[in-house]
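Okay, structure first, notes after.
Every chain is numbered from 1, with letters handed out A, B, ... down the list of sequences.
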Protein chains: 4
Amino acid sequence: MGNPRDERPEHGQDRSSSGSGEGSAASVPDRLLSAATRLFAERGYERTSVREIVEAAGVTKGAMYHYFASKDDLLFAVYQRVLAMQMRRLEEFATAEGPIAERLRAAAADVVHTTVDNLEDTVIFQRSLHMLSPERQNEVRKERRRYHERFREMIEDGQQIGVFRTDIPADIVVTQYFGAVHHLGMWYRPDGELTGAAVGDYFADLLLNGLRP
Amino acid sequence: MGNPRDERPEHGQDRSSSGSGEGSAASVPDRLLSAATRLFAERGYERTSVREIVEAAGVTKGAMYHYFASKDDLLFAVYQRVLAMQMRRLEEFATAEGPIAERLRAAAADVVHTTVDNLEDTVIFQRSLHMLSPERQNEVRKERRRYHERFREMIEDGQQIGVFRTDIPADIVVTQYFGAVHHLGMWYRPDGELTGAAVGDYFADLLLNGLRP
Amino acid sequence: MGNPRDERPEHGQDRSSSGSGEGSAASVPDRLLSAATRLFAERGYERTSVREIVEAAGVTKGAMYHYFASKDDLLFAVYQRVLAMQMRRLEEFATAEGPIAERLRAAAADVVHTTVDNLEDTVIFQRSLHMLSPERQNEVRKERRRYHERFREMIEDGQQIGVFRTDIPADIVVTQYFGAVHHLGMWYRPDGELTGAAVGDYFADLLLNGLRP
Amino acid sequence: MGNPRDERPEHGQDRSSSGSGEGSAASVPDRLLSAATRLFAERGYERTSVREIVEAAGVTKGAMYHYFASKDDLLFAVYQRVLAMQMRRLEEFATAEGPIAERLRAAAADVVHTTVDNLEDTVIFQRSLHMLSPERQNEVRKERRRYHERFREMIEDGQQIGVFRTDIPADIVVTQYFGAVHHLGMWYRPDGELTGAAVGDYFADLLLNGLRP
DNA sequence: CATGAATGAGGTTTCATTCAT
DNA sequence: TATGAATGAAACCTCATTCAT
């Protein structure tokens with residue numbers, strides 16, 4: 001998209017070929033992405049220096065700038081990976097069989113599950129959007145919106161056939177729910193008492209209960 | 001609390017005495033706090049330099065360091081102001097008269113209302129906690145927790161007398177709700193269609209509906 | 001002129017107060033300007049690092065950036081000093097008494113004299129204009145043009161009263177002459193046989209001879 | 001001449017064989033030379049990166065380093081091409097028939113003409129000599145000097161037979177004249193009012209007039 | 001109370017060049 | 001011939017903070 005380094009190799013989208021850790025097995029871009037994700041979540045984007053990232057990934061600064069145009073670009077790659085994954089999963093639930101209430105419940109629970117499984121991504125997502133360039137913020141927000149709309153459509157389907165209350169805009173319900181989901185990164189601890197599945201059930205329950213006519 | 005400059009004059013708690021803008025009418029600490037709040041919300045803590053803050057506040061760097069020990073200290077002051085205000089309001093609703101469901105509904109709607117009235121504070125709150133020193137992060141989290149607990153107690157009260165469902169931990173309900181509230185800073189726009197009061201009503205509705213046995 | 005650091009102290013215009021060497025006697029900006037001039041002439045703008053400049057001036061990098069917004073700004077300051085000095089001298093000759101041919105000869109000889117006395121400035125002037133920001137290039141060119149116009153007016157005065165030939169545009173004569181003057185930096189060596197005064201006389205002679213009707 | 005890669009194929013001397021543009025028609029070295037010339041003139045040697053050159057030429061970095069030992073080598077090739085061309089032309093005029101004054105006038109006008117026809121080369125020539133390695137600077141200067149000497153000989157010839165004044169060293173006249181010529185790159189614009197031929201005539205006129213006894 | 005010059009460590013990025021393929 | 005990933009040194013600059021006045 002007009003990027004001055006668009007000729008550089010693809011990366012980040014398909015990490016299956018060579019693993020996804022920061023060990024020397026994975027590809028250089030993958031290792032960088034992993035290290036960046038961990039560090040950005042751990043101490044924040046601005047508190048993480050490029051030096052720290054490349055050291056954690058075991059590559060040189062030059063190598064990093066060969067694959068990523070900037071530190072910002074690295075952050076953006078994290079966002080892209082998360083967004084793609086979330087959209088993929090939602091699509092699966094949305095197009096599944098079964099009554100809408102069940103599909104919504106499943107999708108709602110799954111997004112929680114996925115979120116706690118990728119807490120680092122979630123933390124970064126919430127905290128560092130404003131560190132992206134305005135253009136990229138917009139790109140992320142746009143994709144975000146598409147995701148929300150997909151979710152909203154499920155709710156509206158239920159409203160139309162009368163299984164969900166209609167005196168509340170589906171929009172509000174969606175933002176309310178995802179607010180809660182994003183917030184997970186602020187309090188959920190994997191080593192706590194609650195499993196991700198449990199939280200997912202509770203959240204889905206609250207959502208469905210809230211939508212009861 | 002172990003602060004090296006505890007002898008410095010109080011500030012930030014009471015902005016009523018001399019106005020609260022950044023104009024030359026308000027006191028120096030107030031002007032700094034206002035400028036910092038605006039800039040931190042606008043471009044993030046990390047992207048805001050001390051120079052920018054003092055310029056926006058119309059004071060010199062020396063003056064700033066006279067009132068605030070550090071940039072971090074300035075951020076902390078923002079947090080303190082927000083926390084104190086929120087707690088004050090919640091306390092009022094919690095100790096009011098009337099059935100618990102009504103009091104919860106009112107408090108829940110009010111926190112939304114207050115949040116959209118102070119969106120800048122909310123944005124900073126969500127985004128920049130990790131920029132505080134670990135000690136201060138803990139201080140903020142502790143105060144936060146007290147706030148949540150106060151809210152949780154209201155829900156538990158309702159659960160005990162049977163007006164709220166009990167098969168969901170009150171904790172989960174609280175975090176779910178505040179997740180949504182904090183998220184407001186990410187999408188609510190004062191110049192949009194929805195008033196803060198309307199969103200508050202919807203949110204409170206969803207909360208109460210979700211708690212219906 | 002809209003410069004983000006316009007509040008910084010004046011510098012470079014008046015170096016008489018505290019000497020003009022790079023020794024510790026002169027002011028910090030003066031020392032920086034001296035060191036920069038020497039180094040830029042010696043090895044070129046791009047080949048000179050900020051580190052080298054501040055080391056030669058005996059100040060820290062931070063101090064330099066306190067007085068000069070950028071390396072570019074330092075170069076611009078060199079240009080400003082040269083331009084101001086040249087204009088001041090030309091004005092003196094232009095407004096002196098005597099026949100126009102004599103005044104032109106004196107001014108023409110003097111500009112050579114001054115140029116060889118400040119060869120470093122001249123070398124930089126010729127070589128590094130393109131390293132300035134476009135805006136500043138324009139500023140320099142504009143001042144340059146004013147200087148040339150002042151010189152051209154003297155020639156036109158002579159043409160009008162018939163002491164200079166009129167079949168050659170005064171413009172051409174001026175640019176031709178200053179081309180030769182600027183070129184001095186490329187070949188004149190202070191330790192060579194020719195004194196600056198001698199070269200000045202020859203150049204002025206050629207100019208006047210060329211203008212003979 | 002001591003070049004570590006002297007075994008590489010000849011280039012740059014004869015651009016007629018395969019065109020001289022940067023299009024895919026010309027040979028790789030020619031395309032590189034064209035692109036480099038344009039970019040060096042446009043933004044300066046230092047501001048032009050190897051990446052930009054190879055992109056403009058439509059080749060890869062590896063290809064460039066196959067034909068040119070370094071970026072410096074590319075710049076040197078530009079100098080060589082210019083020098084060879086200038087010397088060739090001067091030789092033609094110097095060895096032509098006719099009175100010395102006419103031959104000098106023709107040569108003087110021609111060098112102006114050629115210069116404005118190759119303004120990019122001229123700009124680079126003036127501006128970037130100091131970016132060459134010291135050895136190559138010397139090589140260029142030496143060739144330069146040979147050129148000047150050839151020109152000076154013409155003047156001395158005229159002085160000996162009494163058609164030129166002798167009270168000014170021919171050296172001075174030469175440097176004066178070429179200073180003016182080199183300066184053309186600083187002010188002459190092909191799209192301006194003056195043709196190169198017109199400027200050449202004026203310059204030659206001034207030169208000859210200046211030499212009148 | 002307030003100033004503003006000075007610090008100095010650390011930040012991101014660029015770049016010419018090499019080398020295994 | 002040609003590729004393009006990788007290097008690593010060095011570049012410019014920012015910034016929170018201090019301190020003498």
Upstream residue (5' side of DNA chain F) when B:Val50 and D:Val28 are each assigned their closest nucleotide: D:Val28
Nearest-angstrom distance, C1' atom, F:dT21 to E:dC1: 13 Å
Can you name the atoms? Protein N/O to nucleotides 7-9 of chain E N/O, anything below 3.5 Å, with the distance.
{"residue": "E:dT7", "atom": "OP2", "partner": "C:Thr60", "partner atom": "OG1", "Å": "2.5"}

Pairs involving residues 41-60 of chain D, ordered by first then second residue, that meet ring pair (Phe, Tyr, Trp, His ring centres under 6.0 Å) (sequence neighbours left out): D:Phe40-D:Tyr45
B:Tyr67 side-chain N/O to E:dA2 phosphate OP1/OP2 under 4.0 Å: yes
Minimal non-hydrogen separation, B:Met64 against B:Lys71, with atom names: CE-N, 4.3 Å
Watson-Crick and G-U pairing of DNA chain F, under 3.5 Å, as dot-bracket with | and [ ]: .||||||||||||||||||||
Atom pair distance, as rounded to whole Å: CD in B:Glu46 and P in F:dA16: 11 Å
Nearest-0.5 Å distance that lies between atom OH in D:Tyr79 and atom CD in D:Gln137: 8.5 Å
Shortest side-chain distance from A:Arg51, nucleotide among E:dC1, F:dC12, E:dG11: E:dG11
Criterion salt bridge (charged side-chain N to carboxylate O under 4.0 Å, His left out) on C:Arg47 and C:Glu42, from CA distance to verdict: CA-CA 9 Å; C:Arg47 289 267 162 97; C:Glu42 200 170 296; over 6 Å; no
Candidate pair A:Lys61 and A:Glu55, rule side chain to side chain contact (heavy atoms under 4.5 Å, CB included), full reasoning: CA-CA 9 Å; A:Lys61 256 188 259 198; A:Glu55 273 175 13; over 6 Å; no
Shortest side-chain distance from A:Tyr65, nucleotide among F:dT17, E:dA16, E:dT12: E:dT12
Rounded distance [0.5 Å steps], CD1 in C:Ile53 versus CG in C:Leu32: 8.0 Å
Any donor-acceptor N or O pair under 3.5 Å, side chains C:Ser128, D:Arg127: no
Contact summary for C:Ala69 and C:Asp73, nearest pair of heavy atoms: N-OD2, 3.1 Å
